[in-house]
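Read through the structure below, which is laid out as C-alpha cells, and then see the notes.
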Amino acid sequence: MAAPSPAESPELRPAAEAPGARHRGPLAAALRAFRRDRTGMVSLGVVCLFALLALAAPLLAALYGKNATEHYGQDTPGLLSPEGLPVLPNGGMSGEHWFGVEPGLGRDVLAQLLYGMRTSLLIALASVAVIAVIGVVVGITVGYLSGAVDRAFTFVCNVLLAFPTLLLLLALSPVIQTRFVGPRENEPAWMQFTVLIMVFSAFGWVPLAMVLRTAVRSLREREFVEAARAVGASRRHIVFRELLPNVWAPMLVHITLAVPGIVTAEAALSFLGVGINEPIPDWGRMISRGSEVFYDDPTYMVFPGVAILVFVLSFNLLGDAVRDALDPRTLR
Amino acid sequence: MNQATAAGPRPRGAAASPALRVRELTVSFDTPRGPVPAVAGVSFDLAPGEVLGLVGESGSGKSTIGLAALGLHDPARTRVGGSIRLHPAKGSGGAQDPAGIEVVGAPEAVLKRVRGARVAMVFQDALDALSPFHTVGAQLAEAYRIHHRDAGRREARERAAAMLERVGIPAGRAGDHPHQLSGGMRQRVVIAMALINEPDVLIADEPTTALDARVQRQVLDLMRELQAETGTAMLLITQDVGVVAAVCHRMLVMRSGRAVEEGATDRLLAAAGHPYTRALVGAAPTLRTAPGSRLPTVEEPDPAPRRPAAEQERPEPAVLAELDGVRVDFPGRRTSPLRRGRPVPAVRGVTLQIARGETLGLVGESGSGKSTIARVLAGLRRPTAGAVRFEGRDISRAAVDPRLRRELSREVQLVFQDPYASLNPRRTVAEIITTPLRIHTGLDAAARRNRAAELLEQVGLSASHLPCYPHEFSGGQRQRIGIARALAVRPRLIIADEPVSALDVSVQAQVLNLLMDLRAELDLSMLFISHDLAVVRHFCDRVAVLRSGELVETGSRDAVFNAPRAPYTRELLDAVL
C-alpha cells in the first residue's frame, strides 16, 4: 500500500500554519477572520450593547427611577411651560431627567428610548426569525426540486415583489382596526405587534428565498450532491446534511442586513401613524412628535434620531463584516 | 507519436541576441499571512524563433512567469524582482534602445505598447479570453487597431479576415460570436489575435489543455506552423510533457518556483539529469508503457515492477453489469412554457458488458456521452429506452425508485472527476466517508469511525486526517478521500469517471498506482472513463470507444490499440502526442 506521499504531505496546510487550530471548519475560519475585523468587532459590540440595554430596560428604568409611561411633565410643576414645552434648556435636560422630557405629555425621554428599543428589536428579531425559517425552507426546497415547482415559485415571488408593501401596510391598519377591534376599545398591543411581524415576514422572506434558491441551484450541480445520491443518500439527507451547511453564509449575511431594514421600516410606519400606537414607546413615533415641535424643542428629535442612526449603522457594518468574513476568497 | 522529430530544426543563431532575457526573476504574492514566493530566481533566454517549453506541475510558478513577462501582475499585491528584458527584432521598428525594453518595473504606458505588439499571450480558456458580445472579426480588428493607430477600419477588417483564414477559419465566419464557434476554433481565434500584430514573443499558457486530443493536435500543428513561418519566439507553458515533446526545441522544468533543469527537449526526454524531470517524464503513461506497470512518481522515480499476480487466469468471466440498447435523451430547450423542447440524444443505443473482475475503459471526446453512461449505470439517471442490468437484475428504474437506488448503491459506487467539487466543503472527512456506512450498515458511530480510519489507511492517508475538512488537502489527497468513500461499503463495481484528469501528472500516476493496487487487492470490477487513451491503455483490460453517443468499437486492449478497426479509433490514436 502506498504510504502517505511525502510530496503531498507538506500541502496539508493547517499542520504548517496553525498547529493550535487544526481542522477548522469553514465557519470557524470565518469566525477567526471576523475577529480580525476591527470595524466588525466594534459594530458587534454596539449591537450587543443595544440588545443588552433593551433586555435590561425595566431594570435600568428602576435604577434610574423613572418609567416610560408616567407624565412627569404634567404631574410635576416647573418642568413644562403652559404651552407644553420644557422649561429647562436642551429639551428639559436635568439631573432628574437626563435626556429631558417629552413636550406635551411630559414623559421621560431616556425611559422612552430604552423601552422604544425593546419595541424595535422585538419586531425586527421576530420578523427575521420568521423570514429565516420560511426563506430557508422554501429557498432550499425550490432550489433542489426545480422544474414546475420552481416556475410556480418564481411567479409567486414576482407577485409578492410587485406588491406595494408600504401602501398595503397603510391600508391594512384601519382595516384591522374596524374589522377586529370594537369601536370603543383600543387595538391590543399583541395585535399591533402581530400584524407588523406578519406583514414584514410575508414580504421579507422573498429575497432570502431567492438568494438561497440560486445558491442551491448552483450547489446542486456540484458533484458532491451527485456523490451523495450515488452513495444512496435520501432526499432529506441531501437537503439537510449536504446543502443546508453550505448556505449558512448567504443566510447569515442576509439576516444581519435584514434587521436594520426592518427597524427603519417599523420606525417609518410608526412615524406615519400605522405602526405601534400609544402608549407603547416607539422610536418612530418619537421622531414624528419631534418633527411637530422641532422649532420649539429640537432636542426631542435628536435622541431617537441618533439612536436609530447608530443602531442601523452598526447593524449594517456588522452585516458587511459578516459578509467579508464568510467570503470564500478570504476563506481561500 | 514520434516525439523526437516533432519539433522543427532549431533556429539559427539562437545564442546571438535573445528575444526575451529573464534574469533572477522573483515574484511573490502578498497575503494576509505575509509574502508567499511564487517564483524564486529563475533565469533563461528565449532566442528569436525558438520554442521553449516551461514545464511543471500546478503551483510551480510557470504561469506566474508568463504573466510577469507581460507585466500583468497587480502591483498592489505582487512584488516582482529581477529583470525581464525584451529585445525587439531588427525589422519590427519601434524601440531603438539597443539594451531592449525592461518589463519589470516599467510604467503602464510602456507596458501598454509592449502588450499585444511585442509580447502576446494565448490563454488556456478561449471562451474566457474572448468577449461574448462582440464578433470575432471585430475583436481581431480591434486588437490590430490598438497598435496601428493610423489603420482605418477597412484595413483592420481586411487584416482580421486574412488572419482568420491564416488560422484555418473561413473569413466568412468573422461575423460570428465566440459561442457560435467550437472550442478548437475559438482557440484558433485567440491565436490569430495574438499573432495579428506580429509580436516578437508569444506566450502560450496551457493553450490546448481544455481541448480534445484530436483538436489539440490540430491546434498544436497550427501553432508550430505559424511560429516557424513568422519566426516568433514562443514560450509554451504546460504540464503535459507530450505537448512539449511535440512542439518545443528546449524545455525548462520548474518545481516550486525554481528552475530544476533546462536543456534540449530530446536530451531531457531521453536522459534527464534530475530525478524530478525523469519522474515528470515517466509519470504520464504513453502508448509504449507496459500496461499495468507501476508508474514512476516524484517520490518513487524507479518503482519496483508489479507482481504479475494480476495476470492470473479468471475462472468464469460472468457478466456483472450490462447495458442493453440504452438510449438517453436530454430534454431540449423549451420553446414555450407549454410545449416541451425537442429531446437531445446523448446516448443512442449503447450495448456494453462488464465482466466480473474486469476493468472496462470507456473512451471518447467531450460530449460523447461517457459520463451519461456512467450515471445510467450508477442509477442516477433513467435511460429513455433500453435495459440496464446488474447481476441480471433490471436497474433502469433506480433513478426514480429510491429503494432500488439504495440497494444498487451498495454494489455500485462512483469516483468523480473533480476532487474539489465532489467533496462537500462543509463536512469533515469522517462525515464524508461514514455517510455510506450510515446509510447501508447497522454499524454504530465508533465502528463507523474505525472503518473510516481503516479506509483512509487503505488509500494512503492516515486516521489523523478524519477530523479535517476537504480544503485542507491537495487535489491528489482529495481524490484519495473520494476513493475511500467509494470503497466504504465494499462495492462490487466502481465507476471511475475521469478520476485522474483533473490531477497533475505525478499525482495522476500516484492515484493510478493506488487504483491498480486496490483493484488487485479487493478484486474490483471497474468502469474506467477517460479521454486519455494512454491512461486507458495502461489501466484497462477491455476498451470501448464512444463517439457522439454511439459505440464505435469494443474489444480487448491489445486488439483496440494494436489493430483498431474503426477509422475513428485510428484518428484518436494518431492524435495522441
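Residue numbers start from 1 in every chain, and the chains themselves are labelled A, B, ... in the order their sequence lines are given, proteins ahead of strands.
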Winner by heavy-atom pair count (cut-off under 4.5 Å) against chain B, out of A:Leu243, A:Val231, A:Val225: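 It is A:Val231.
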Exam field: side chain A:His254 to backbone A:Met251, donor-acceptor pair closer than 3.5 Å: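 Flag not set: sc A:His254 to bb A:Met251 has no pair under 3.5 Å.
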Check whether [X] gets within reach of chain A through its side chain, its backbone, both or neither, counting any heavy atom under 4.5 Å.
X	value
B:Arg410	neither
B:Val412	backbone
B:Ile439	side chain

Option in B:Ala486, B:Ala421, B:Ala398 with maximal non-hydrogen atom pairs under 4.5 Å from chain A: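 Highest number of pairs under 4.5 Å: B:Ala421.
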Residue selection (most heavy-atom pairs with chain A, distance under 4.5 Å) from B:Arg485, B:Glu407, B:Glu431: B:Arg485
A:Met210 versus A:Leu161, closest heavy-atom pair with distance: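 Here A:Met210 and A:Leu161 meet closest at SD-CD1, 4.0 Å.
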Taking every non-hydrogen atom, the tightest pair across A:Glu266 and A:Ser120: OE1-OG, 3.6 Å
Segment of A:Arg241 engaging chain B (4.5 angstrom heavy-atom cut-off):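 It is both, since atoms from each part get that close.
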Salt-bridge contact B:Asp517-B:Arg294 (side-chain N to carboxylate O under 4.0 Å): yes
Positive for side-chain contact (heavy atoms from CB on, under 4.5 Å) with A:Val247, one of A:Ile140, A:Val211, A:Leu252: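 The single option meeting the side-chain contact (heavy atoms from CB on, under 4.5 Å) with A:Val247 is A:Ile140.
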Close side-chain approach of A:Met41 to A:Phe34, heavy-atom, < 4.5 Å: yes
